[in-house]
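Step one of this worksheet: look at the structure below.
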Amino acid sequence: MTGKDMLKGIQNLDADLIKEAEFGKFQKNRAGISGKKKLLFLLAATLIMGTMTAAAVYTRWSTTAQTRYNPSQDVKEQAEKSGLSVMLEETKENPNEVLSVTDQGITITAVQTIVDNYHAEIIFRIDGFDLPEGKSPAVWPTVTIDGKQDFYVSQSGWFFDGTTDGSLEYTHYISFQETDGRYMGKEITVTFLSIDFQSDQKAGMPVPQVEGNWELKWTLTGTSDSISITPNAKIGDSGVILLDAEIGQKTIRARYQVDDYWEGWDELVELPQAVCGVRMKDGSEHICGGGTSGFEDQENMIYFTELDIYDAILDISQVESLMFHKGWELDSNGKPTIQTFYYIPVSAS
């Protein structure tokens with residue numbers, strides 16, 4: 001599947017597929033009426049990333065990140081300079097850090113982190129695990145930051161579909177509970193206790209294969225770089241107003257003034273007018289979604305979304321506008337084919 005195919009798949013995902021998940025089990029929860037509890041609409045992208053096909057091996061960046069984001073050399077350099085992307089083995093300075101552990105003949109290595117105030121992607125390489133044809137690997141590590149387990153809204157994970165020089169790559173994704181950067185500079189510990197096969201049954205539990213103890217730890221770093229806009233602009237012909245937005249290299253946080261609950265609110269359907277992507281100055285467009293959303297101030301009907309850019313790491317100086325769903329162009333048979341958007345221009349403050 002190409003990056004363009006993945007983007008189309010994300011755009012056409014049925015809303016019913018975007019559900020809340022924690023510890024790999026889909027659940028439904030409801031934000032409290034008090035206002036500041038968060039609703040989670042976990043990455044539909046997770047469903048798609050699991051279908052990525054193997055591509056050429058690139059130097060420095062992990063195959064997973066290179067394939068998912070396909071960054072230019074300039075964007076790579078910006079991401080590394082800002083601290084968003086860190087190649088852990090190349091930047092290790094603290095002798096107390098443990099970035100690679102071998103147990104039961106299997107080596108797990110922390111390779112790359114992509115971290116901002118809102119989310120963390122941690123990419124691991126697994127060597128020495130025999131993966132028979134037709135079997136899919138499964139792991140679920142325990143994660144702490146500064147010794148605590150209450151740092152996240154959600155966690156999820158997926159494997160790159162294919163091997164890189166005989167290795168597997170696994171990405172662990174974290175959506176942070178607090179989004180003020182407080183977790184940066186703290187020790188993160190990731191512990192794997194088994195490597196399993198995914199069940200052949202649709203809803204079956206993973207099948208244990210190798211048990212061990214792979215405990216890795218290092219200092220978590222990332223970036224807070226972003227630009228902010230306060231357009232106070234009406235979105236299309238709706239009654240929803242985009243109050244402000246913070247646009248980072250990987251995450252967009254936006255706040256909206258809504259005039260009423262929308263159809264589907266009781267089923268945890270995200271605000272239809274929420275930002276859904278960015279348009280760059282070169283004309284390219286990148287879709288966002290998943291992440292966390294809910295009422296920041298329910299009494300005054302102020303809603304927020306914290307959404308992840310699926311297929312790119314942004315050069316934020318090149319963002320032209322934010323995108324909002326408008327409708328669909330129809331083909332000759334009346335079938336929706338091309339999504340159309342409203343655009344609100346971006347200007348750095």
Side-chain angles (χ1 to χ4, degrees), residues 1-7 9-10 43-92 99-100 108-127 137 139 141 143 155-176 184 188 190 216 218 220-223 225 248-252 278 284 286-291 307-316:
M1 179 180 290
T2 66
K4 190 174 291 185
D5 292 334
M6 288 162 54
L7 180 57
I10 293 169
L43 294 173
T46 299
L47 304 176
I48 292 171
M49 288 303 106
T51 68
M52 288 195 305
T53 55
V57 179
Y58 294 82
T59 58
R60 300 207 65 219
W61 278 40
S62 64
T63 304
T64 300
Q66 181 68 48
T67 303
R68 177 175 181 179
Y69 300 120
N70 192 28
S72 67
Q73 190 60 34
D74 286 346
V75 169
K76 277 186 179 182
E77 291 174 2
Q78 289 171 12
E80 293 175 11
K81 184 177 181 180
S82 72
L84 176 76
S85 172
V86 176
M87 302 305 297
L88 293 170
E89 292 177 294
E90 297 178 15
T91 59
K92 180 178 179 180
L99 299 177
S100 187
I108 300 181
T109 303
V111 175
Q112 182 176 9
T113 58
I114 299 174
V115 182
D116 64 13
N117 285 356
Y118 301 96
H119 307 116
E121 289 182 49
I122 309 172
I123 300 168
F124 299 89
R125 185 175 64 246
I126 301 176
D127 295 293
V139 295
V143 184
Q155 299 186 60
S156 59
W158 59 87
F159 276 87
F160 182 85
D161 184 15
T163 59
T164 304
D165 291 339
S167 301
L168 298 171
E169 286 190 359
Y170 168 76
T171 300
H172 197 75
Y173 185 91
I174 299 167
S175 180
F176 291 129
M184 297 181 194
I188 183 170
V190 183
L216 301 99
W218 65 93
L220 187 69
T221 58
T223 185
D225 284 4
Q249 292 171 281
K250 275 294 293 143
T251 305
I252 299 173
V278 293
S284 62
H286 303 288
I287 297 299
C288 65
L307 304 177
D308 183 67
I309 302 294
Y310 284 137
D311 66 335
I313 290 173
L314 302 180
D315 176 350
I316 55 179

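In this chain, numbering begins with 1 at the start of the sequence shown.
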### Task
For Asp74 and Asp315, run side-chain contact (heavy atoms from CB on, under 4.5 Å): C-alpha distance rounded to whole Å, both residues' side-chain angles, the deciding distance at 0.1 Å, then the answer.
CA-CA 9 Å; Asp74 286 346; Asp315 176 350; over 6 Å; no
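In plain terms, the two heavy atoms of Tyr170 and Ser156 that are nearest each other are OH-O, 4.3 Å. Taking all atoms of both residues into account, the shortest heavy-atom contact from Gly290 to Leu307 is O-CD2, 2.8 Å. The shortest non-hydrogen separation linking Cys288 to Tyr310 is C-CE1, 4.0 Å. The shortest non-hydrogen separation linking Ile287 to Asp311 is N-OD1, 4.0 Å. When all heavy atoms of Ile309 and Lys250 are compared, the closest pair comes out as O-NZ, 2.5 Å. Between Ser82 and Gln249, the closest heavy-atom pair is OG-OE1, 2.8 Å.
Rounding to the nearest 0.5 Å places OG1 of Thr63 at 11.5 Å from CG of Leu168. Rounding to the nearest 0.5 Å gives a distance of 11.5 Å between CZ of Arg125 and OG1 of Thr64. Taking OG1 of Thr67 as the start and CZ of Phe160 as the end, the distance is 4.0 Å to the nearest 0.5 Å. The CZ atom of Arg60 lies 4.5 Å from the CD atom of Glu90; values are rounded to the nearest 0.5 Å. To the nearest 0.5 Å, the span separating CD1 on Ile126 from CZ on Phe159 amounts to 4.0 Å. Between the CG atom in Leu99 and the CD1 atom in Ile108 there is a gap of 13.0 Å [rounded to 0.5 Å].
When the side-chain contact (heavy atoms from CB on, under 4.5 Å) test is applied to Thr251, the partners found at least two apart in sequence or on another chain are Asp116, Tyr118, His119. Not a single side-chain hydrogen bond (donor to acceptor under 3.5 Å, both in side chains) links Gln73 to another residue, sequence neighbours left out. The side-chain hydrogen bond (donor to acceptor under 3.5 Å, both in side chains) test applied to Glu77 returns no partner, not counting sequence neighbours. Listed by chain and number, the residues in a side-chain contact (heavy atoms from CB on, under 4.5 Å) with Ala65 are Trp61, Ser62, Tyr69, Gln112, Ile114, Ile123 (sequence neighbours excluded). Under the rule for a side-chain hydrogen bond (donor to acceptor under 3.5 Å, both in side chains), the partners of Ser284 that lie at least two apart in sequence or sit in another chain are Asp282. Legend: residues meeting side-chain contact (heavy atoms from CB on, under 4.5 Å) with Ala120, ordered by chain and number and at least two apart, are Val115, Ile174, Phe176.
Looking at Phe124 and Val139, their side chains never come closer than 4.5 Å, going by heavy atoms from C-beta outward. Leu84 has its side chain out of reach of Gln78: every pair of non-hydrogen atoms, C-beta onward, lies at least 4.5 Å apart. Inter-residue side-chain proximity for Ile122 and Ile188 is flagged as met; some heavy-atom pair is nearer than 4.5 Å. Residues Gln66 and Pro71 are in side-chain contact: their nearest non-hydrogen atoms beyond the backbone lie under 4.5 Å apart. Within the 4.5 Å cutoff, the side chain of Val111 has no heavy atoms near those of the Glu169 side chain.
Glu89 and Thr109 share no donor-acceptor pair across their side chains, judged by distance under 3.5 Å alone.
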